[in-house]
J.: 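Before I ask anything, here is the structure I am working with.
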Amino acid sequence: MKYDFDEIIVRRDTNAEKWDSVADGDVLPMWVADMDFRTAPAIINALQRRVSHGIFGYTRVPDEYYKAVSGWFSRRHGWKPEREWFICTTGVVPAISAIIKALTVPGDKVIIQTPVYNCFFSSIRNNGCEIADSPLIYENNTYRMDYEDLERKAADERTKVMLLCNPHNPAGRVWTKEELTKVGEICLRHNVTVISDEIHCELVYPGYTYTPFASLSEEFQRRCVTCVSPSKAFNIAGLQIANIIAQDEETRRKIDKAININEVCEVNPFGVEAAMAAYSEEGEEWLLQLLDYLKGNYDCMKEFCEKHLPDFPIVKLEGTYLVWMNCERLHIPSGTLEKRLIEEAKLWINPGTLYGAEGEGFMRWNIACPRAVMIKGLKRFRDFVQAIKA
């Protein structure tokens, strides 16, 4: 392998949220969704060239940027968004908040499918809207959609928007064309606009295929808004760059107004340069090797759990580097378990209830780290469980 993902890079005392948010230096953080790998050399080189210029004023987004993003999605995913469909912003969460502001009024309902990314909840509530929860169905260590419930929620005249997580965090699903088509048909029937958070779209494993929701049909494309960013796949969340993609001109006008109201319309020069480098051939080479390594991590974790933690099944991971573990056998509330693991096992993983009430009894692991570090975390969890049993 050309790139060394086994290298352990010290991140403590670098103001890393993941590593420096707890005073105890012995705690192993496997929680917030960033990776412990150095980003692609193509990105580092591009940033070094930009830094050497020495002036970091207000930034315009060049045509080359849009060509890079559109060309990447066309080449890798068979969907080519046009230049005029783009609105650049600082991140997918600010994007989602601005889109909800643009497409709803206070009191409207927004559909989510729990357990789901925690920032969906705050983006909805901060805009004065109500959550219309259509829980996913958990069975056989994976999740599926409840289309009957989704239809009921969409049929409510107060429901204006559905927040789709594609691929899904934390359920690990990469939704199929058939599943996404059913969602689109339901939303079209009830005049519900789909906001599709596709930030994890590059993190998909062999045997599964990411499908941009907007690529399914011309009709779906007109009635949806897509949010994408290279931040998760290339470990550049701190550079704050994301794209809102909307074909419909009136929808874009409303979103652009909301983006300016929320004051998240200015991007920085490093985010622009990093994104263009990520969406290059060299960036793609790094990404493909990253995916091989992450798949190896998941396989290793699965084998470890089957051997040492058989009472704690993990979901089938189709995409993302976030593993959802069933910890119901401990009979400890997820929030309490998070605190006890930090204090007693020196391990920090996310409590399932962060992602909705349906997450109770589950915990979310971030396995985007050197394999030796992941195994250390698993052993700490195993020892914690054994101590409780003893």
Side-chain angles (χ1 to χ4, degrees), residues 15 17 32-34 43 47 50 56-66 68-70 73 81-106 108 110 112 116-129 131 160-166 169 193-201 214 224-276 278-279:
N15 294 319
E17 181 179 4
V32 69
D34 73 4
I43 294 174
L47 293 175
R50 185 65 183 84
F56 314 115
Y58 295 114
T59 299
R60 61 178 288 274
V61 181
D63 287 341
E64 289 78 12
Y65 173 91
Y66 300 104
V69 181
S70 184
F73 276 86
E82 300 296 331
R83 160 70 180 83
E84 61 269 20
W85 300 355
F86 282 78
I87 298 173
C88 292
T89 187
T90 56
V92 166
V93 173
I96 290 170
S97 293
I99 298 165
I100 293 174
K101 179 186 287 290
L103 302 183
T104 65
V105 297
D108 284 347
V110 178
I112 58 174
V116 75
Y117 180 45
N118 52 294
C119 287
F120 281 12
F121 298 91
S122 56
S123 291
I124 295 168
R125 291 170 178 147
N126 289 346
N127 281 292
C129 293
I131 293 170
K160 305 300 180 184
V161 164
M162 175 180 176
L163 274 182
L164 174 68
C165 199
N166 174 41
N169 166 22
T193 300
V194 174
I195 304 173
S196 191
D197 173 1
E198 303 188 356
I199 196 170
H200 292 278
C201 65
C224 82
V225 182
T226 304
C227 299
V228 295
S229 171
S231 62
K232 295 301 180 192
F234 291 92
N235 205 26
I236 55 172
L239 298 182
Q240 298 190 318
I241 189 75
N243 302 292
I244 299 168
I245 305 174
Q247 183 191 49
D248 182 72
E249 185 176 359
E250 177 61 15
T251 299
R252 285 199 311 276
R253 184 192 66 77
K254 292 178 180 178
I255 295 170
D256 189 59
K257 180 179 179 181
I259 284 285
N260 281 271
I261 290 172
N262 285 6
E263 302 289 2
V264 287
C265 52
E266 298 289 344
V267 296
N268 72 75
F270 303 114
V272 172
E273 295 294 334
M276 289 191 292
Y279 293 140

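In this chain, residues are counted from 1 in sequence order.
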J.: Does any non-hydrogen side-chain atom of I124 lie less than 4.5 Å from one of I112?
T.: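 Side-chain contact under 4.5 Å: yes.
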
J.: Could you work out, with side chain to side chain donor-acceptor pair (under 3.5 Å) as the rule, every residue matching R125, not counting sequence neighbours?
T.: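 Expected list: none.
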
J.: Please report the C-alpha distance between N262 and K101 in whole Å, then the side-chain angles of each, then the deciding distance to 0.1 Å, and finally whether the side chain to side chain contact (heavy atoms under 4.5 Å, CB included) criterion is met.
T.: CA-CA 9 Å; N262 285 6; K101 179 186 287 290; 2.8 Å; yes

J.: What pairs meet the ring pair (Phe, Tyr, Trp, His ring centres under 6.0 Å) rule with one or both residues in residues 247-271, with sequence neighbours excluded?
T.: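 Qualifying pairs, neighbours excluded: F56-F270.
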
J.: Side chains of Q240 and V267: does their closest heavy-atom pair fall under 4.5 Å?
T.: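 A side-chain contact under 4.5 Å is absent here.
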
J.: Heavy atoms only: give me the nearest V116-F121 pair and the separation to one decimal.
T.: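 Closest approach of V116 to F121, heavy atoms only: O-CE1, 3.7 Å.
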
J.: Do any pairs count as a ring pair (Phe, Tyr, Trp, His ring centres under 6.0 Å) and have a residue in residues 238-265, sequence neighbours left out, and if so which ones?
T.: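 As it turns out, there is no ring pair (Phe, Tyr, Trp, His ring centres under 6.0 Å) pair with a partner in residues 238-265 once direct neighbours are skipped.
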
J.: To check you understand the geometry: which heavy-atom pair defines the closest contact between P94 and G91, and what is its length?
T.: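 Of all heavy-atom pairs spanning P94 and G91, the closest is CD-O, 3.3 Å.
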
J.: Looking at side-chain heavy atoms only, is the closest gap between I195 and I100 below 4.5 Å?
T.: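 Side-chain contact under 4.5 Å: yes.
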
J.: Considering only heavy atoms from C-beta outward, does the side chain of Y117 approach that of V93 to under 4.5 Å?
T.: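 The answer is yes, as the side chains (C-beta and beyond) meet within the 4.5 Å cut-off.
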
J.: How long is the gap from SG on C129 to CG on L103, to the nearest 0.5 Å?
T.: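 The CG atom of L103 is 10.0 Å from SG of C129, to the nearest 0.5 Å.
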
J.: Evaluate the side-chain proximity of H200 to N169: yes if any heavy-atom separation is below 4.5 Å, no if none is.
T.: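 Contact flag for N169/H200 side chains = yes.
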
J.: Would you say I255 and V225 make side-chain contact, with heavy atoms under 4.5 Å?
T.: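 Yes, close enough: below the 4.5 Å cut-off.
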
J.: Going through the distances and angles, do N243 and I87 end up as a side chain to side chain contact (heavy atoms under 4.5 Å, CB included)?
T.: CA-CA 6 Å; N243 302 292; I87 298 173; over 6 Å; no

J.: Can you give the donor-acceptor pairs under 3.5 Å from side chains of residues 228-236 to other protein atoms, not counting sequence neighbours?
T.:
{"from": "S229", "atom 1": "OG", "to": "S231", "atom 2": "N", "distance (Å)": "3.1"}
{"from": "S229", "atom 1": "OG", "to": "S231", "atom 2": "OG", "distance (Å)": "3.1"}
{"from": "S229", "atom 1": "OG", "to": "I241", "atom 2": "O", "distance (Å)": "2.7"}
{"from": "K232", "atom 1": "NZ", "to": "A33", "atom 2": "O", "distance (Å)": "3.0"}
{"from": "N235", "atom 1": "OD1", "to": "M35", "atom 2": "N", "distance (Å)": "2.9"}
{"from": "N235", "atom 1": "ND2", "to": "M35", "atom 2": "O", "distance (Å)": "2.7"}
{"from": "N235", "atom 1": "ND2", "to": "F37", "atom 2": "O", "distance (Å)": "2.9"}

J.: Looking at residues at least two apart in the chain, or sitting in another chain, which of them share a side chain to side chain donor-acceptor pair (under 3.5 Å) with D34?
T.: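 Side chain to side chain donor-acceptor pair (under 3.5 Å) check on D34 returns R11.
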
J.: Under the ring pair (Phe, Tyr, Trp, His ring centres under 6.0 Å) rule, what pairs show up with a residue in residues 238-260, not counting sequence neighbours?
T.: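 Residue pairs passing ring pair (Phe, Tyr, Trp, His ring centres under 6.0 Å), neighbours aside: none found.
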
J.: Atom CD of residue position E84 - does it have more than 12 heavy atoms of other residues, nucleotides or ligands inside 6.0 Å?
T.: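 Yes, CD of E84 has more than 12 neighbouring heavy atoms, counting only those of other groups under 6.0 Å.
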
J.: Check whether any side-chain heavy atom of F73 sits under 4.5 Å from a side-chain heavy atom of C201, and report yes or no.
T.: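 F73 vs C201: side chains touch.
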
J.: Considering residues at least two apart in sequence or located in another chain, which fulfil the side chain to side chain contact (heavy atoms under 4.5 Å, CB included) criterion with A214?
T.: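 Only W79, Q221, C224, T226 meet the side chain to side chain contact (heavy atoms under 4.5 Å, CB included) criterion with A214.
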
J.: Can you tell me how far apart OG1 (T193) and CG (D248) are? Round to the nearest 0.5 Å.
T.: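 The OG1 atom of T193 sits 9.0 Å away from the CG atom of D248.
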
J.: Go through the structure and list residues passing side chain to side chain donor-acceptor pair (under 3.5 Å) with D197, not counting sequence neighbours.
T.: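 Applying side chain to side chain donor-acceptor pair (under 3.5 Å) to D197 gives none.
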
J.: Could you list the residues that satisfy salt bridge (charged side-chain N to carboxylate O under 4.0 Å, His left out) with E250, not counting sequence neighbours?
T.: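 So E250 forms a salt bridge (charged side-chain N to carboxylate O under 4.0 Å, His left out) with R253.
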
J.: Before giving the answer on side chain to side chain contact (heavy atoms under 4.5 Å, CB included), spell out for I99 and I244 the whole-Å C-alpha distance, their side-chain angles and the decisive distance to 0.1 Å.
T.: CA-CA 9 Å; I99 298 165; I244 299 168; 3.9 Å; yes

J.: Out of curiosity, W85 CH2 to I245 CD1, how far, rounded to the nearest 0.5 Å?
T.: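 The distance works out to 9.0 Å.
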
J.: Might you point out which heavy atoms bring R252 and A246 nearest each other, and give the distance in Å?
T.: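 In this case the closest contact between R252 and A246 is NH1-O, 2.9 Å.
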
J.: Scan residues 86-98 for pairs that pass side-chain hydrogen bond (donor to acceptor under 3.5 Å, both in side chains), counting only residues two or more places apart or in two chains.
T.: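 As it turns out, the side-chain hydrogen bond (donor to acceptor under 3.5 Å, both in side chains) pairs with a partner in residues 86-98, which skip direct neighbours, are S97-S123.
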
J.: For residues A242 and Y65, report the shortest heavy-atom separation together with the two atoms involved.
T.: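 Minimum heavy-atom contact is O-OH, 4.5 Å.
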
J.: Are side-chain heavy atoms of D63 and R83 found at a separation under 4.5 Å?
T.: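 D63 reaches R83 side chain to side chain.
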
J.: Holding to side chain to side chain donor-acceptor pair (under 3.5 Å), I want the full list of residues that pass it with Y66, two or more places apart in sequence or in another chain.
T.: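 Partners of Y66 under the side chain to side chain donor-acceptor pair (under 3.5 Å) test: none.
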
J.: Restricting to pairs with a member in residues 265-276, which pass side-chain hydrogen bond (donor to acceptor under 3.5 Å, both in side chains), not counting sequence neighbours?
T.: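 Output for this query is empty, none listed.
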
J.: How close do S196 and E198 get, heavy atom to heavy atom, and via which atoms?
T.: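 In terms of heavy atoms, the two residues are closest at OG-OE2, 2.6 Å.
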
